[in-house]
Amino acid sequence: MADRDSDSDDNAKFEWESDGEAEPSSAPAFRNSDAPGPSTLDSNGRANEEAPSTALIEEYVAMGFPKEIVLKGMKEIGHSDADALLELILTYQALGADDTVGNCSTSGCAPHSVEEDDDDDLDFENWDDKNDDVAGREPNCDDPGDEDFLREMSQKDKKINSLVGMGYPKDEANIAITRCGVDADLVELVDSISASQVAGDLNSRNISDYQVMDRCFDSFGGRKKARLMEESKMRSMQYGPSFAGSHDEPTRIPDPMVGFNLPSDRQPSVIRMLPEQAIGPPFFYFQNAARALRGAWTTISKKFYDIQPEFVDSKYFCAASREIGYIHNLPVEDREALLPFPPKTVFDAFPHYKRWWPSWDQRRQLNCLQASMATAKLINQIQHALARSGNPLPPSVQNRLVDECKTWDLVWVGKDKVAQLEPDEMESLLGFPRDHTRGVIKTERYRSLANSFQVDTIAYHLSVLRDMFPNGINVLSLSTGIGGGAVALHRLGIRMRTVVSVEKGETNRRIFNGWWDQTQTGKLVEIADMKSLTNDRIASLVGRYGGFDLVIGGSPSEQSALLYDYPRILDAIKSAMARM
């Protein structure tokens, strides 16, 4: 039996498993013998001060920040300290935590699910009205709504092409149209895309105060063309080649993302010389999406002793393609991969899909990043488009179909029939045991898996600990999620004597608790609020458990600002252990 700390007798309760939409009736009991630290929040989780005025909120919105981010920051720390609030808003932006474009996961932002009453249909037949294959084709529409749908999506495609031609990435153009609507003009779309970059630009001092104010207040006619040209130039500069050299330059994202080495390599591709202050104890290991906003990784690296990130695409380890950056002080020599090796392609993992997979869909890995469910309406629209587009499909239709399949992790389950990857299939691709997330509603399973570690990838990095700690280790896990780090250690055969887990999400805690009870004999201590990890409380935990051998942190997802808490906590652990 696993040793547990608990303040409640709720452990005697149980619930029936359900994959339906009914929410579980109770939250998991905490195994936490420590009283929470002092809080400046009221019972609703808001700062103890009067509500902000509408005028104050609009001031920040006028600076180019989305209203949702402004309200998120005010809810987190209040609004009395303007400098602290601005820093928090900038942090949310710099680390890609804009909830208005979806749930930001360990590898990026997932789009919103499509509501059943949404009118945004998908136009595959007339996706490119300049394409010779479809230019002269009459749309075969039995439903009057199809004409509106085709017209709207053709308009959307033209605007995406215009923005791409100005130098904006296609995915950001698509997100901007989703946020602002297909009827928005180019100036509004440019503003939407640019707003998400204001924080990174300000952080790097790449945009003058005049340019920021011009962007905020010049939103009516007059200089539209000039502004669009200027934005296009700025974008080209921003996304131009970047090379690591000085601390003010952005960290270069390698291509391909193979990390410092792969299991097939005989020797490490790099020899690391860590700064003295970065050398353990403890070892630490933190992850975040590789393709964060410009300058984000430079900022993160500075927070962690200027350590060079290790960028890895998990497609080199499994059939799930996730581009992740890792900051750690682990050795890079003598790594060992988990055995048996997992399937590397979707056909190896799920052979029954190969029969129906069209030759023009060249995907061989899935991303497993989708944090929401594709609706039946969306699936039906895709299948309707397939049925009426003829055979062979025009290249424009093929490309659009593949884009949708990538976005929603759709697989081919029959003739002209697609379906979303199931949660148990995501578990398999991500290296978790079967039914790891079962017992919570399906939508929560998708969300939890989308924000998790890919177990085989991180196990390769953590494998160096196996010979170092034959008697087991003590772990502090920050933003634990569903326990990918612990699952990796378990699969490596590394015993966890104590795990202090910090995780806010009740569903994630419930999933991790269930796995821990089934597999572990060590002690699990749970803490919900990372802010409660004060220096004094950290010193108490270090003294109680004899220090920590590993501090591991997943991407904090919707609370990406908490990533900046990691170095503070790490420094407090180092100081406390030095006094032992």
Side-chain angles (χ1 to χ4, degrees), residues 105-108 110 244 251-272 285-292 297 307-351 353-354 357 361-370 402 405-406 409 411 421 425-433 449-466 481 484-485 487-492 552 554-555:
S105 71
T106 59
S107 314
T251 301
R252 186 185 179 103
I253 306 297
D255 185 16
M257 290 191 195
V258 296
F260 296 149
N261 54 46
L262 294 174
S264 58
D265 297 338
R266 294 185 177 181
Q267 297 293 332
S269 57
V270 299
I271 298 177
R272 293 209 302 171
Y285 186 87
F286 303 116
Q287 78 157 25
N288 198 46
R291 299 191 185 277
W297 272 108
I307 292 178
Q308 177 187 357
E310 180 171 13
F311 295 104
V312 184
D313 189 333
S314 63
K315 71 180 182 180
Y316 297 106
F317 292 85
C318 65
S321 178
R322 287 182 163 190
E323 297 178 339
I324 303 294
Y326 303 92
I327 291 274
H328 64 85
N329 64 346
L330 294 166
V332 298
E333 301 85 7
D334 301 322
R335 292 169 163 177
E336 298 179 7
L338 284 175
L339 297 176
F341 293 116
K344 295 292 182 63
T345 71
V346 65
F347 298 152
D348 293 333
F350 313 115
Y353 291 147
K354 187 172 184 179
W357 209 273
D361 186 347
Q362 296 295 311
R363 291 176 301 149
R364 295 300 179 264
Q365 284 92 21
L366 302 171
N367 60 52
C368 297
L369 292 174
Q370 187 49 257
V402 171
C405 288
K406 286 179 179 178
D409 265 336
V411 293
L421 201 66
E425 294 172 323
M426 288 180 66
E427 288 172 348
S428 174
L429 294 183
L430 294 174
F432 289 94
L449 286 163
N451 292 320
S452 70
F453 281 116
Q454 202 292 315
V455 172
D456 300 275
T457 305
I458 67 167
Y460 179 62
H461 299 160
L462 298 175
S463 63
V464 297
L465 300 174
R466 183 159 42 195
V487 171
L489 293 170
H490 174 69
R491 291 188 59 191
L492 287 166
I552 186 169
S555 174

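Throughout, residue positions are numbered sequentially from 1 according to the sequence presented.
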Asks: Could you measure the distance from the CZ atom of Arg291 to the CD1 atom of Ile253? Nearest 0.5 Å is fine.
Replies: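 Between Arg291 CZ and Ile253 CD1, I get 6.5 Å after rounding to 0.5 Å.
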Asks: Do Glu336 and Leu492 touch side chain to side chain, with heavy atoms closer than 4.5 Å?
Replies: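 No, every pair of side-chain atoms sits at 4.5 Å or beyond.
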Asks: Using side-chain contact (heavy atoms from CB on, under 4.5 Å), reason through Arg322 and Ser452 one step at a time and then give a plain yes or no.
Replies: CA-CA 11 Å; Arg322 287 182 163 190; Ser452 70; 3.9 Å; yes
Asks: Output yes when a side-chain donor or acceptor of Gln365 lies under 3.5 Å from a complementary backbone atom of Lys344, and no otherwise.
Replies: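 Yes; at least one donor-acceptor contact below 3.5 Å.
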Asks: Can you tell me how far CG of Asp409 sits from CG of Asn367, rounded to the nearest 0.5 angstrom?
Replies: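 Separation between the atoms: 4.0 Å.
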Asks: If the plane angle is over 60° it's perpendicular, under 30° parallel, otherwise tilted; pick one for Phe311 and Trp297.
Replies: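 Because their plane-to-plane angle is over 60°, the rings of Phe311 and Trp297 count as perpendicular.
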Asks: How long is the straight-line distance from CD of Glu425 back to CG of Leu449, given to the nearest 0.5 Å?
Replies: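 The distance works out to 11.5 Å.
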Asks: Return the minimal non-hydrogen interatomic distance between Trp357 and Asp361, and the atom names on each side.
Replies: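 Shortest heavy-atom separation between Trp357 and Asp361 comes out as NE1-O, 3.0 Å.
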Asks: Within the 4.5 Å heavy-atom criterion, are Asn261 and Tyr460 side-chain neighbours or not?
Replies: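 Yes; the side chains approach each other to less than 4.5 Å.
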Asks: Does the side chain of Arg491 reach to within under 4.5 Å of the side chain of Asp456, using non-hydrogen atoms?
Replies: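 In contact.
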Asks: Can you name the residues that form a salt bridge (charged side-chain N to carboxylate O under 4.0 Å, His left out) with Glu427, not counting sequence neighbours?
Replies: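 Scan of Glu427 (salt bridge (charged side-chain N to carboxylate O under 4.0 Å, His left out), adjacent residues dropped) gives Arg445.
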Asks: Going by heavy atoms in the side chains, are Phe350 and Leu429 under 4.5 Å from each other?
Replies: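 Yes. Closest side-chain heavy atoms under 4.5 Å.
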Asks: Of all the heavy-atom pairs spanning Val258 and Leu262, show the shortest one and how long it is.
Replies: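 Of all heavy-atom pairs spanning Val258 and Leu262, the closest is O-CD2, 3.4 Å.
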Asks: Counting C-beta onward and ignoring hydrogens, is there a side-chain heavy-atom pair between Val411 and Leu366 closer than 4.5 Å?
Replies: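 Yes. Closest side-chain heavy atoms under 4.5 Å.
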Asks: Glu310 and side chain to side chain donor-acceptor pair (under 3.5 Å): which partner among His328, Gln287, Arg272?
Replies: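 Only match with Glu310 under side chain to side chain donor-acceptor pair (under 3.5 Å): His328.
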Asks: Calculate, to the nearest 0.5 Å, the distance between atoms OH and CD1 belonging to Tyr326 and Ile458 respectively.
Replies: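 With rounding to 0.5 Å, OH (Tyr326) is 7.0 Å from CD1 (Ile458).
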Asks: On a heavy-atom basis, which atom in Ala488 and which in Val455 lie closest, and how many Å separate them?
Replies: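 Looking at all heavy atoms of both residues, the shortest contact is CA-CG1, 3.8 Å.
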Asks: Does the plane of the ring in Phe453 sit parallel, tilted or perpendicular to the ring in Tyr285? Use 30° and 60° as the thresholds.
Replies: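 Ring orientation of Phe453 relative to Tyr285: tilted.
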Asks: Side-chain contact, heavy-atom cut-off 4.5 Å: Leu489 with Ile552?
Replies: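 When only atoms from C-beta onward are counted, Ile552 and Leu489 do not touch, as no gap falls below 4.5 Å.
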Asks: Looking at side-chain heavy atoms only, is the closest gap between Val312 and Ile324 below 4.5 Å?
Replies: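 Sidechains of Ile324 and Val312: no contact.
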Asks: Just how far is it from atom CG of Asp334 to atom CZ of Arg466, taken to the nearest 0.5 Å?
Replies: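 Rounded to the nearest 0.5 Å, the CG-CZ separation comes out at 11.5 Å.
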Asks: Ignoring hydrogens and angles, tell me if any N or O in the side chain of Ser314 forms a donor-acceptor pair with the backbone of Ala320 under 3.5 Å.
Replies: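 Checked: pair present.
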Asks: Is any side-chain heavy atom of Arg363 less than 4.5 Å from a side-chain heavy atom of Val346?
Replies: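 In short, these two side chains do not touch, never coming nearer than 4.5 Å.
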